[in-house]
Amino acid sequence: MGSIEAMAARCSNWGRWGEDDVLGTLNFVDDAKRVEAAGLVRTGRAFSLAQAFDTNGPQNGWRRRTNPVHTMTDTGLEAEFGDQGFPHGFGGADDVIAMPLQCSTQWDGLGHIFDRGRAWNGRRAGAVVTSDGDQVTGIQTAAAHLAGRGVLLDVGRALVEELGLEHPELPDGFAITPEHLEATIEAQGASSAVGRGDILLIRTGQYARTRRDGWGSYAGGPSPGLSFTAAPWLHEREVAAVATDTWGFEVRPNEFDDAFQPLHQIVIPHMGLFIGEMWNLDELAAHCAADGQYDVLLSAPPLPITGAVGSPLNPMALK
């Protein structure tokens, strides 16, 4: 608890953008940053950074998170047999999906995590998120802001030789420290420089392992991820958002006894940092390793679901 209290004080952005702020670190993404990001597109090559949204996804029911349930409400059969009631042979198909908003590739909104009863910017948690949803920092407030310069740090690939890895995939339980992030930037070169307003993409390689070996305990189990000690690094570099290819962003098991996601407890309610989880960074990472360009134009807006504390998305990277 003492470590959490000290880190919260060290990394706090409360009041930095005024008492009414709802954007947190997205304030770092300005028009000039988006113009800079647009200039990174040279070939037009596009990458989807989303995992699939289907019943074969990673969720196992923990915390009532299930995989998407996709149901057809009208199909081609009804159209063939003229059961839809349309004139002149017109037919169509419709469908519906039911899913937790954080069942696959997603953003954590600022109302997702609290620290000792306080939400982003020091507000009372109970005054922010009620049974009607997030009344202040609902994910819809970020809908026009999550686009800009994305920077991929492929830590799994950068540490292959140092750790003696068979594949460019960090082992479960590996804590990524600021030193590992700096070593990755040095190994990748100038296009990996991380600064104000950047959207940081951290590839551990865990998702690639699930594609080969199956989901296993991907959802909620042991995984590589950011160390608690990375909080000041993220704070000092003024990044706008961070996304990883893991279920929970930070290393699991967590680094403190009896802890649950202590890095979340700092970066969301105190820094106002948007966190992305379960992203698919493998195809982009392979391309970046081949051409040496690790920064991209990234468009990753959440769905403007009023009052939601998270959102599914299909992030797009352009090079």
K.L.:
May I have the step-by-step check of side-chain hydrogen bond (donor to acceptor under 3.5 Å, both in side chains) for N56 and N67, ending in yes or no?
P.N.:
CA-CA 7 Å; N56 299 315; N67 293 312; over 6 Å; no

K.L.:
Between F174 and H180, is the gap from one ring center to the other below 6.0 Å?
P.N.:
yes

K.L.:
Rounded to the nearest 0.5 Å, how far does OG of S192 lie from CD1 of I185?
P.N.:
7.0 Å

K.L.:
Between D31 and R34, does any side-chain N to carboxylate O distance fall below 4.0 Å?
P.N.:
yes

K.L.:
Which distance, rounded to the nearest 0.5 Å, do you find between the CG of L181 and the CD1 of I202?
P.N.:
5.0 Å

K.L.:
Answer yes or no: is there a side-chain heavy-atom contact under 4.5 Å between P312 and L101?
P.N.:
yes

K.L.:
Heavy-atom count around R212 CZ within 6.0 Å, excluding the residue itself: above 12?
P.N.:
yes

K.L.:
Identify the two heavy atoms, one from F53 and one from T105, that lie closest to each other, and give their separation to 0.1 Å.
P.N.:
CZ-O, 3.4 Å

K.L.:
For the pair E78 (side chain) and T75 (backbone), establish whether a donor and an acceptor sit closer than 3.5 Å, ignoring hydrogens and angles.
P.N.:
yes

K.L.:
Can E5 and R10 be said to form a salt bridge (Lys or Arg N to Asp or Glu O under 4.0 Å), step by step?
P.N.:
CA-CA 9 Å; E5 290 175 346; R10 178 177 179 181; over 6 Å; no

K.L.:
Check this for me: does any side-chain nitrogen of one of E182 and R237 sit under 4.0 Å from a carboxylate oxygen of the other?
P.N.:
yes

K.L.:
Has W120 got a side-chain atom pairing as donor or acceptor with I113's backbone, closer than 3.5 angstrom?
P.N.:
no

K.L.:
Side chains of P222 and V251: does their closest heavy-atom pair fall under 4.5 Å?
P.N.:
no

K.L.:
Mind checking whether W62 and F260 have parallel, tilted or perpendicular rings, split at 30° and 60°?
P.N.:
tilted

K.L.:
What's the verdict on side-chain contact (heavy atoms from CB on, under 4.5 Å) for L284 and K319, showing C-alpha distance, side-chain angles and the deciding distance?
P.N.:
CA-CA 10 Å; L284 175 64; K319 295 183 73 175; 4.0 Å; yes

K.L.:
Apply side-chain contact (heavy atoms from CB on, under 4.5 Å) to the pair V29 and R149, showing each step before the final yes or no.
P.N.:
CA-CA 9 Å; V29 186; R149 179 178 181 255; over 6 Å; no

K.L.:
Is there side-chain contact between D282 and N280, with at least one heavy-atom pair below 4.5 Å?
P.N.:
yes

K.L.:
Give me the atom names and distance for the closest heavy-atom approach of A289 to Y294.
P.N.:
CA-OH, 3.3 Å

K.L.:
Closest heavy-atom contact between P224 and P171?
P.N.:
CB-O, 3.5 Å

K.L.:
Do the rings of W215 and Y218 sit parallel, tilted or perpendicular, given the 30° and 60° boundaries?
P.N.:
tilted

K.L.:
Is there a donor-acceptor contact under 3.5 Å from the side chain of D108 to the main chain of G310?
P.N.:
no

K.L.:
How many angstroms lie between atom CG of L170 and atom CG of L163, to the nearest 0.5 angstrom?
P.N.:
6.5 Å

K.L.:
Using only atom types and a distance under 3.5 Å, with no angle test, would you say the side chain of R157 pairs donor to acceptor with the backbone of T184?
P.N.:
no

K.L.:
Can W247 be reached from V309 by stepping across I, L, V, M, F, W or Y side chains whose heavy atoms are under 4.5 Å apart?
P.N.:
no

K.L.:
Between D172 and S223, what is the shortest heavy-atom contact and its length?
P.N.:
OD1-CA, 3.5 Å

K.L.:
Test side-chain contact (heavy atoms from CB on, under 4.5 Å) on Q102 and H112 and set out the steps.
P.N.:
CA-CA 11 Å; Q102 297 173 326; H112 180 51; 3.2 Å; yes

K.L.:
Calculate, to the nearest 0.5 Å, the distance between atoms CG and CD belonging to L281 and E283 respectively.
P.N.:
11.0 Å

K.L.:
Any donor and acceptor pair, going by atom type alone, linking the side chain of E255 with main-chain N or O of F228 inside 3.5 Å?
P.N.:
yes

K.L.:
Check the surroundings of atom CZ in R116: do more than 12 heavy atoms from other residues, nucleotides or ligands lie under 6.0 Å from it?
P.N.:
yes

K.L.:
Give the minimum heavy-atom separation between I139 and P302, together with the two atoms involved.
P.N.:
CG1-CB, 3.6 Å

K.L.:
Between CD1 of I199 and CG of L26, what distance do you get to the nearest 0.5 Å?
P.N.:
7.5 Å

K.L.:
Do I305 and V129 share a hydrophobic cluster, counting only Ile, Leu, Val, Met, Phe, Trp and Tyr and linking them when any side-chain heavy atoms are less than 4.5 Å apart?
P.N.:
yes

K.L.:
Quick one: does E250's side chain have a donor or acceptor within less than 3.5 Å of a partner on L263's backbone?
P.N.:
yes

K.L.:
Any side-chain donor paired with an acceptor under 3.5 Å for W17 and N121?
P.N.:
no

K.L.:
Please check this pair: side chain of T55 against backbone of V69, looking for a donor-acceptor N/O pair closer than 3.5 Å.
P.N.:
no

K.L.:
So if you build clusters from Ile, Leu, Val, Met, Phe, Trp, Tyr with side-chain heavy-atom gaps below 4.5 Å, do L159 and L200 land together?
P.N.:
yes

K.L.:
When you measure from the side chain of Q135 to the backbone of A127, do you find a donor-acceptor pair of N or O atoms at a distance under 3.5 Å?
P.N.:
no

K.L.:
Between R16 and E238, does any side-chain N to carboxylate O distance fall below 4.0 Å?
P.N.:
yes

K.L.:
Just checking, is any N or O donor in the side chain of H70 or D54 under 3.5 Å from an acceptor N or O on the other one?
P.N.:
no

K.L.:
Side chains of T73 and D94: donor-acceptor distance under 3.5 Å anywhere?
P.N.:
no

K.L.:
Would you mind telling me which of E19, M271, H270, R123 makes a side chain to side chain contact (heavy atoms under 4.5 Å, CB included) with W14?
P.N.:
H270

K.L.:
With V242, which of L201, I275, L234 fulfils side chain to side chain contact (heavy atoms under 4.5 Å, CB included)?
P.N.:
L234

K.L.:
Considering only heavy atoms from C-beta outward, does the side chain of W279 approach that of P315 to under 4.5 Å?
P.N.:
yes

K.L.:
Would you say Q265 and M7 make side-chain contact, with heavy atoms under 4.5 Å?
P.N.:
no

K.L.:
Mark yes when over 12 heavy atoms from residues, nucleotides or ligands other than E186 sit less than 6.0 Å from its CD; otherwise mark no.
P.N.:
no

K.L.:
One thing to verify: whether E169 and R211 come together as a salt bridge, which I'm taking to mean a side-chain N less than 4.0 angstrom from a carboxylate O.
P.N.:
no

K.L.:
Taking all non-hydrogen atoms of both residues, which atom of A259 and which atom of N254 are closest, and how far apart?
P.N.:
O-OD1, 3.5 Å

K.L.:
Does the pair K33 and D198 meet the rule for a salt bridge (Lys or Arg N to Asp or Glu O under 4.0 Å), with working shown?
P.N.:
CA-CA 8 Å; K33 194 69 186 181; D198 290 333; 2.8 Å; yes

K.L.:
When you measure from the side chain of Q293 to the backbone N and O of D295, does any donor-acceptor pair fall under 3.5 Å?
P.N.:
yes

K.L.:
Check whether any side-chain heavy atom of L153 sits under 4.5 Å from a side-chain heavy atom of V194, and report yes or no.
P.N.:
yes

K.L.:
Do T66 and C103 have side chains that get closer than 4.5 Å, going by heavy atoms?
P.N.:
no

K.L.:
Following the transitive rule for hydrophobic clusters with a side-chain heavy-atom cut-off under 4.5 Å over Ile, Leu, Val, Met, Phe, Trp and Tyr, establish whether V239 and V155 coincide in one cluster.
P.N.:
yes

K.L.:
Going from SG on C288 to CD on Q188, what distance comes out if it is rounded to the nearest 0.5 angstrom?
P.N.:
7.5 Å

K.L.:
Just checking, any donor-acceptor pair under 3.5 angstrom between side chains of E277 and Q106?
P.N.:
yes

K.L.:
After noting the C-alpha distance and the side-chain angles of D74 and Q84, does the key distance pass the side-chain contact (heavy atoms from CB on, under 4.5 Å) rule?
P.N.:
CA-CA 8 Å; D74 258 325; Q84 295 179 318; 3.2 Å; yes

K.L.:
Treating T204 as the side-chain partner and G156 as the backbone partner, does any N or O pair qualify as donor plus acceptor under 3.5 Å?
P.N.:
no

K.L.:
Given side chains that start at C-beta, do those of R118 and P269 come closer than 4.5 Å, heavy atoms only?
P.N.:
no

